[in-house]
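Report on one structure; see the data block that follows.
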Amino acid sequence: MDFNLTEERMMLRDTLRRFLADKYAHENRRALIAAGKPYDTGIYAGLAELGVLGAMFREDQGGFGGEGFDLMVVFEELGRAGVIEPVLPAVLAGGLIAASGNGRQRGLADEIIAGTHLSALAQGEAGSRYDLNHVETTAAAEGDAIVLNGIKTHVLYGAEAQTLVVSAREAGAAADAAGISLFLVPVNSPGVTVSGHRNMDGIPSATVALDGVRLAETARLGAAGGGLEALEATVARGLAALCAEALGAMEAAKDLTISYLKERKQFGLPIGKFQALQHRMADMLIEVEQARSAVINLAGNLDQPRGLREIHASAAKNLIGRAGALVAEECIQMHGGIGMTDEYALSHFARRLTMIDHLFGDTDYHLERFIALKAG
Amino acid sequence: MDLNYTREEQAFRTEVRQWLKETLPHELREKVRLGKRLAKADVELWHSLLNARGWLAPNWPRAYGGCEWNAVQRHIFEEEACLAHAPRSLPFGLSMLAPVLLAFGSEEQRQRFLPRILNGQDWWCQGYSEPGAGSDLAAVKTRAVRDGGHYVVNGQKTWTTLGQHANWIFCLVRTDPDAKKQEGISFLLIDMNTPGVTVRPIVLIDGEPEVNEVFFDNVRVPAENLVGEENKGWTYAKYLLTHERTNIAGVGFSTALLTTLKHVAARVTSGGRPLAENPHFAARMAQAEIDLMAMATTNLRVVSAAAKGQAPGAESSMLKVKGTVIRQELTSLLRRAMGPDALPFQPDFLDGGSNAEALGPDHAAAAAPSYFNMRKLSIFGGSNEVQRTIITKAILGL
């Protein structure tokens with residue numbers, strides 16, 4: 001066994017870390033959000049230039065990475081710096097386009113890798129909670145057109161994207177596994193209404209209404225009715241990215257707290273000298289290492305057959321959810337009031353960690369899914 | 001042992017419930033129910049309604065306009081008010097400052113300040129914490145130097161809850177820097193409109209400026225605003241803290257929260273069935289409920305001892321630790337119950353300032369902000385770590 005990163009990945013990690021240390025001060029990020037901007041397009045272009053987006057794709061897809069450990073290395077650094085620029089959509093929507101698209105559609109992947117095109121995944125709905133198969137949006141044939149109707153919720157970066165990858169049902173009932181297709185929908189298509197908002201953690205999101213949106217047959221991504229399989233495989237990659245991002249955020253929160261315990265004095269001593277806090281910090285350290293292992297497990301099993309891959313996906317997301325809540329809550333508590341202020345970076349890491357639990361299945365959801373996958 | 005309330009107590013509960021039903025305005029109730037932010041006017045309205053009924057000052061003597069409720073009556077009122085989604089009345093003047101004035105203030109100070117608390121003329125805030133003195137309260141540095149008929153105050157307070165609305169602040173100030181830490185502190189009342197007082201809001205993790213920093217730059221305070229004796233402020237501060245810690249278990253809040261959680265879990269679906277029927281979620285809700293049932297009784301045990309005149313000591317530390325853990329768990333469950341609908345940040349809806357429509361179902365908008373806001377429970381009023389230290393020393397004798 002070898003738990004070392006390859007030289008290329010170490011280089012990618014170090015370059016990215018330097019870039020973010022240089023350009024991504026917490027104060028800049030906060031000012032950006034306060035100014036109502038979804039993210040910094042300059043930083044995003046910089047990330048593309050560094051090859052961060054290319055690292056999300058395999059060579060035959062126009063990238064130079066695409067493996068689980070590439071996702072892990074990149075997202076851990078993004079999480080550590082609290083990056084809000086849209087790298088996740090490149091993994092999700094971009095990943096689906098690269099994996100399922102036909103020749104022409106894959107051209108979009110090149111633009112995504114270059115950072116000149118943003119595509120977002122519009123998968124969730126009001127009734128779906130975390131189930132990928134719960135799709136009520138319909139795609140009905142009408143002559144030689146396909147007509148989409150439905151409302152997609154919690155579309156990350158939906159208001160900033162130029163195209164959406166939309167899941168819609170061509171056959172079956174709302175919660176069936178079969179009959180779901182994926183479509184590439186330009187946001188300027190007649191009948192598409194996007195309302196943007198911001199999430200609790202500063203990430204831009206949107207609700208997308210599809211009202212009689214007419215598409216050509218060529219807008220379908222992959223096989224008719226077989227969208228779920230592709231969606232699940234891509235979401236597993238997204239989960240690896242999110243878990244690695246959470247790991248980076250935990251590391252950052254933990255580091256801030258260690259410094260604080262050394263600096264902050266109460267009752268005449270640095271508070272880190274109090275055993276009550278020392279033991280809790282030790283427990284936190286153990287959980288963060290467990291989180292790292294869970295991310296490694298998922299990253300290393302992303303290309304395994306479905307059963308194994310999904311078991312690791314659910315295992316990682318469950319553990320990350322638990323560890324993330326622990327780190328967020330304990331770091332705030334050990335800081336006291338200062339940890340609850342918007343001005344201080346910790347509260348941003350805590351918000352991101354907490355909100356990651358609400359993306360693509362929380363700790364409870366993935367616990368049940370893990371049990372079901374193991375039984376199956 | 002008898003676990004039932006007396007006939008009189010039950011009659012009192014009915015009276016309170018009926019009054020709340022008739023008096024609490026629907027709009028205010030809805031704001032509280034959905035976890036929206038209350039404006040200054042909302043709080044003032046609630047105070048005036050309570051005052052009109054004579055119920056604003058539960059623990060004050062009748063002679064000063066209070067209703068002299070005992071601890072059990074206060075508990076019943078709190079519980080009913082929470083279940084009716086009534087706003088919380090502001091504790092700063094009513095249950096923090098007033099007991100100190102009643103016990104240690106001059107009759108002049110009582111006559112001057114108590115009526116203004118009841119009729120809403122004054123909004124008090126608390127000037128205890130400082131950047132270097134949070135849970136280690138005796139480390140206060142803000143200086144007050146006597147200069148003829150005045151004290152000249154310099155320094156900074158922080159975590160001043162709702163200080164942006166206040167016109168008066170009661171402060172711990174250091175009047176003798178050479179004395180031991182707990183000595184040399186005085187209890188001073190400061191008009192916030194005095195030149196040299198600056199209030200700066202602090203935005204918290206839930207996006208709200210709930211607390212403030214208050215700066216004092218050569219603020220001249222008339223010496224008559226000193227409460228009790230100079231350098232004896234620590235005694236008054238400790239007395240105030242025991243009053244701050246009544247209702248610290250927050251049983252009423254948790255009971256109301258549990259009701260909301262059950263309501264939400266019955267309506268939200270997960271995998272095609274109500275979340276309340278999901279064994280995993282149901283188990284966690286049930287555990288919280290079981291803990292709360294026991295907590296309510298632990299609280300009543302302390303409350304009924306207090307009603308018989310025994311002052312709660314270190315027991316209030318137990319109530320604080322367990323009560324806050326339960327309340328935090330309930331807000332955590334409510335956030336989780338919302339699933340992806342907990343994601344959006346909706347300040348316009350929560351402020352109620354615009355007619356913004358909420359994304360997602362009822363209660364979704366406030367779920368995550370409340371969860372984050374409630375992290376404060378284990379930090380303020382003496383952190384839970386400090387409470388545990390009190391328990392180890394005072395009860396366990398370690």
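Just so you know, these numbers come straight off a predicted model, no measurement behind them. In what follows, chains are A, B, ... by sequence order, proteins preceding strands, each numbered from 1.
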What residue, out of [options], has the most heavy-atom pairs lying under 4.5 Å from chain B?
options                                : answer
A:Gly337, A:Ala126, A:Ala174, A:Gly202 : A:Gly337
A:Asp362, A:Ile332, A:Leu346           : A:Ile332
A:Leu277, A:Asp131, A:Leu367           : A:Leu367
A:Met340, A:His134, A:Arg198, A:Gln266 : A:Met340

Using a cut-off of under 4.5 Å on heavy-atom pairs, state which of B:Leu343, B:Ile202, B:Asn373 scores highest against chain A.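 Among B:Leu343, B:Ile202, B:Asn373, the one with the most close pairs to chain A is B:Leu343.
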
Quick check on the interface: out of B:Pro131, B:Ser135, B:Gly134, who has the most heavy-atom pairs with chain A under 4.5 Å?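 The candidate making the most pairs under 4.5 Å is B:Ser135.
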
Could you tell me which portion of B:Val268 (side chain, backbone, both or neither) has an atom closer than 4.5 angstrom to a non-hydrogen atom of chain A?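 Side chain only.
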
Counting only heavy atoms closer than 4.5 Å, note whether B:Ala342 contacts chain A via side chain, backbone, both or neither.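 Its backbone and side chain both get close to chain A.
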
Could you tell me which portion of [X] (side chain, backbone, both or neither) has an atom closer than 4.5 angstrom to a non-hydrogen atom of chain B?
X        : value
A:Glu368 : side chain
A:Ala350 : both
A:Thr341 : both
A:His197 : side chain
A:Arg280 : side chain
A:Ser195 : neither
A:Thr153 : neither

Please identify which of these residues, A:Met200, A:His348, A:Arg351, meets the side chain to side chain contact (heavy atoms under 4.5 Å, CB included) condition with B:Ile205.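 In the set A:Met200, A:His348, A:Arg351, the residue that makes a side chain to side chain contact (heavy atoms under 4.5 Å, CB included) with B:Ile205 is A:Arg351.
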
Within a radius of less than 6.0 Å around CG of A:Leu326, do more than 12 heavy atoms belonging to other residues, nucleotides or ligands occur?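 Counting neighbours around CG of A:Leu326, more than 12 heavy atoms of other residues, nucleotides or ligands fall under 6.0 Å, so yes.
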
Would you indicate whether B:Lys322, at its atom NZ, is surrounded by more than 12 heavy atoms from other residues, nucleotides or ligands within a distance under 6.0 Å?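 Not buried by this count: 12 neighbours or fewer within 6.0 Å.
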
Spatial distance of atom [atom1] ([X]) from atom [atom2] ([Y]) [nearest 0.5 Å]:
X        : Y        : atom1 : atom2 : value
A:Ile203 : B:Phe345 : CD1   : CZ    : 14.0 Å
A:Asp364 : B:Arg284 : CG    : CZ    : 5.0 Å
B:Ser378 : A:Glu330 : OG    : CD    : 9.0 Å
A:Gln333 : B:Asn384 : CD    : CG    : 6.0 Å

Would a distance-only check, ignoring hydrogens and angles, find a side-chain to backbone donor-acceptor pair under 3.5 Å from A:Asp342 to B:Gly207?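 Not a single qualifying donor-acceptor pair exists.
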
Quick one: does A:His358's side chain have a donor or acceptor within less than 3.5 Å of a partner on B:Pro340's backbone?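 Such a contact is absent between A:His358 side chain and B:Pro340 backbone.
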
Determine whether B:Asp341 and A:His154 make a side-chain contact, defined as any pair of heavy atoms from C-beta on separated by less than 4.5 Å.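 A side-chain contact exists here, since the closest heavy-atom pair is under 4.5 Å.
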
So, do B:Leu275 and A:Arg129 sit near enough that their side-chain heavy atoms are less than 4.5 Å apart?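 A side-chain contact under 4.5 Å exists here.
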
Are A:Asp357 and B:Arg336 close enough for a salt bridge, meaning some N to O gap below 4.0 Å?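 So A:Asp357 pairs with B:Arg336 through a salt bridge.
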
